[in-house]
Structures are given as structure tokens and as C-alpha cells.
Protein chains: 2
Amino acid sequence: MSDGAGSPVAAGRGRRPARARGDDRELQILATAERLLEERPLGAISVDDLARGAGISRPTFYFYFTSKDAVLLTLLDRVVAEADATMSAVFDGGASTGPREGWQRALAAYHETFRRHRALTVAWAEARSTSAEVRALWAEVFERWVQRCATAIEAERARGAAPSGPPARDLAIALTSMNERVIYASLSGDGPAIAADDVVPVLLRVWLTAVYGTPPD
Amino acid sequence: MSDGAGSPVAAGRGRRPARARGDDRELQILATAERLLEERPLGAISVDDLARGAGISRPTFYFYFTSKDAVLLTLLDRVVAEADATMSAVFDGGASTGPREGWQRALAAYHETFRRHRALTVAWAEARSTSAEVRALWAEVFERWVQRCATAIEAERARGAAPSGPPARDLAIALTSMNERVIYASLSGDGPAIAADDVVPVLLRVWLTAVYGTPPD
DNA sequence: GAACGAGTCAACAGGGTGTCGAGTTACGGC
DNA sequence: GCCGTAACTCGACACCCTGTTGACTCGTTC
């Protein structure tokens, strides 16, 4: 809650301010978490598991992180940074190609980012139900994506390339929700899912028809 | 796991076979769960809370249900039955109206069913990450809906009303995923969401354009 | 070489789950 | 009217997990 403005590199999210040689331990904890998440869900990983994996006792773990969730949040910072960077590259850089290619690249980049961090993405979605902070982080990322897309949709409408329809923001929320859920299902493996290679084509098709009425080609 | 074929009314999902006057208690437990779910998430409700609410001790709770999840699953049986019934009514009964009205009614019914059981729906989604049985139940319902929709899409394609495109099943999965996530977000209230009254119109628009290329009107 | 702060952990407090075994009650048969 | 049986009940236990406390070690610094 008290995010003072004085911290050097922003000792964020329940991570205590970094100490001299404690950096090692911190990294070991993070590495352990990432490794264990490949094997089993976050709920099946205890603080003790993380501590042992880093070669320390459980109380010592609390010297570095305030909770298991704080570890996940720290790990997620990387994914979020990467997602945001890719998003900017796609949206800001690509005005040269046609609209179809623009959306295609945006969707592919989005999918690729989360696919590359499969275990973390799945853990992220799972932890949303138990941690308000995780939920908030998700909402933040979601909101940024929605805003980018809504703006792009409005731009297409303004230049007459897309017909009017539901509020651009509502459309963006619906389509982004679809992305999120479809990608999660394809990564987590439980329940009916679209095969990994078909995810982007199918999503793209729905996006294009929803935005342009009929797919431009 | 051992679902013997001999039980009279199918003593399902961790619910022990019903006894003479224990039926009362069972109902009291279920009622308590439903009431508490209106106030707080499943994770914040203990077995003790359920037991006290039903006027029994914690060990006695285990006489009636094998776990907290079993209670949720029993509660969800109602919702699932209702969802399935509505689904059948919409898909089997409504060949008289136009395609637009057909999809509209299906979406509205789907939305209405889950909106009417807001707390249970939210709990259902939350418990998916912690209980394999809950996950399986969700996958079942999802799969039935996907199959209905895929069949309907194929029918529209066969009669020339809808253009070809991605496999009908993939399209149905993507669109159903959107429904699920959008409705959950609008019910749970965390993160960006579409206003309750706008959910069906927006979803409908995306469905129609995705299936028909351009909305028929 | 005293003082300090980083780093460490045994022991504790507290809350949750699920089980076991010893009750208590209700009721049908003898 | 008493007895056995099965439904029903719960105190006490074993266990697992979280997060905190207080004392201890060690390197650095003056």
C-alpha cells in the first residue's frame, strides 16, 4: 500500500529492499519457483519447497519475500514488461503494413509472449482467485491491451475502413477476453481447447470479422 | 472414482448415500453454503463455517459430505441442469425464427442462467483452479455448449447462409470462451468488464459477424 | 574490539483439513 | 420391556501450512 517514492529500483510488491549478498538467495528463490511451476501448480508448492530449493530454511524465506504470492508477482513483472514491450512494438511501429497484417502481428505477438512463459501464465491465471494483487496486475495488463485495441478500432472507424457498431471499448473487452481464455485453455491443457498452431488464425478471423464486418483481403 | 452402478438415485460426487432424517442436515449445509457464497468467496469459507451454519460440528459435516468441494459440486448440479435445460429449449425448439433471433435467444438464455446464479457461477470459476472435479464439470458443460454451437454453425454453412471459414468446432470454442470470460468478468466485478445490459448485444454482434461474415438483418 | 546490520533458524502461535473411536438416539423385532 | 443395529454426533487427535519472534552468527567498519 505505502509505495514511497524514494526507492532506487522500486523494491516493489512485497519484495524487501535488496541487500548486498542476499541477491543470490533472492535469485535462487525465484529460480526455484520457476522450476517448480513447470512441474506443478502454485497451490501445490509450499513456502517450504521454495526455501529448501534455495537452500535456506522457511523463516529465512520470509527475510526475502513477504509471501509465496510476492515471488509470483516478481516473476510476473518480467512477463508483463515483455508483454508491454511487444505490444508497443506492434502498435507503435507497424503503420506501414495493411490492417490485416497489423492485427495479425498483434495477436501473434500476444500469443507468443504467453506461450513462451507457459507455466507462469497458467500460474498467473490460477492465482487470480486467491490473491488480490495478482488480480490487480492482470487487470492492469488487460486494461492496457483493451485501450490499445479500442483506440485502433476507433481509428479504423474514423478512416472509414470499419463500420460502426458496439462501443469500441466493449468490443475490445469482448475480443480480448476471448484471446485470454482461448490462450489460457490452449496452454493449461484442461478442457476443450484449440490446437496451438490454430489459435492465432482462429482468433484473427474473429477479430477481423468483428472489427471490419467482413474480413478485408 | 468407484462409481458403482448400484446406487438408487446416484449418490454422486462425494455426497454420501442419503439417510432418513439426515436429509435435513444435508439441505441445511447446502443452504448455508449458498448463503455464505453471497457474502464471500469459497476460499474464505471453512468447513467449520458450513457446519456451524447447519448447526452441527465439523466432524459431523464429514458424515454428509466428503469435502467443501463436494458441497459446491452438489450446488452446481442444479445450475448445470438448468443450463442444459435452457440450452435444449433454445436449440431444439427454435427453428421457427430467423438465425439472428436464434443466436440472440441462445446467448440471452446462457447469460441469464449464470446471472441468476451469480455467486455460484463465480465460485465455480474460482474453484476450477483448486479442484479437478470442478474443472471436469466445467469442461463437460463447456463441451456440450461447444458441440451444439458447432453443429449449428455447420448447419448454417450447409444451407449456404454462412461462408466457410475455420473449423466450426474451433470457432465455437473461441466464441464460447469469449462468452464465458465476458460473463464471468461482468458477474465477478473485478477487472474491466462490459456493463450487464450490454453483454448480450456485444456478444451477439461478435457471434453473428464471426459466423456469417457480416451480420444478416 | 565494539557496535552494527545482514543473514539465519528453532521454536512457537494459529488456523485449516480430515479421521478415529467412543458415545447417543431411534426404532423394529422378539 | 429389552436388545441389536444403524443413523447420527462430536471430542480429541494427527497433520500440514502459514507467518512471527527472539536469539544467534558473522563480516564490516570505525
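Chain letters run A, B, ... following the sequence lines, proteins first, then strands; residues in each count from 1.
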Asker: What are the atom names and distances for every N/O pair under 3.5 Å that joins the protein to nucleotides 11-16 of chain D?
Answerer:
none

Asker: Give the nucleotide from the list D:dT9, C:dT8, C:dT17 with an atom nearest to the side chain of A:T60.
Answerer: C:dT8

Asker: Considering residues at least two apart in sequence or located in another chain, which fulfil the side-chain contact (heavy atoms from CB on, under 4.5 Å) criterion with A:A54?
Answerer: A:Q28, A:I29, A:T32, A:I56

Asker: Does a side-chain heavy-atom distance below 4.5 Å link B:R148 with B:S88?
Answerer: yes

Asker: If you check the A:K68 side chain, which of D:dC10, D:dT18, D:dG19 turns out closest?
Answerer: D:dT18

Asker: For the pair B:K68 (side chain) and B:I45 (backbone), establish whether a donor and an acceptor sit closer than 3.5 Å, ignoring hydrogens and angles.
Answerer: yes

Asker: With a 4.0 Å cut-off on heavy atoms, is A:S46 in touch with a base, just the backbone sugar-phosphate, or nothing at all?
Answerer: sugar-phosphate

Asker: B:R25 side chain N/O closer than 4.0 Å to the phosphate oxygens (OP1, OP2) of D:dA7?
Answerer: no

Asker: Nearest 0.5 angstrom please: B:E82 CD to B:E112 CD, how far?
Answerer: 9.0 Å

Asker: Is B:R135 reaching over with its side chain to a backbone N or O of B:R128, donor-acceptor style, under 3.5 angstrom?
Answerer: yes

Asker: With respect to the side chain of A:Y62, which nucleotide from C:dT17, D:dT20, C:dT8 is positioned closest?
Answerer: D:dT20

Asker: Would you please confirm or rule out a distance under 4.0 Å between OP1 or OP2 of C:dA6 and any side-chain N or O of A:Y64?
Answerer: no

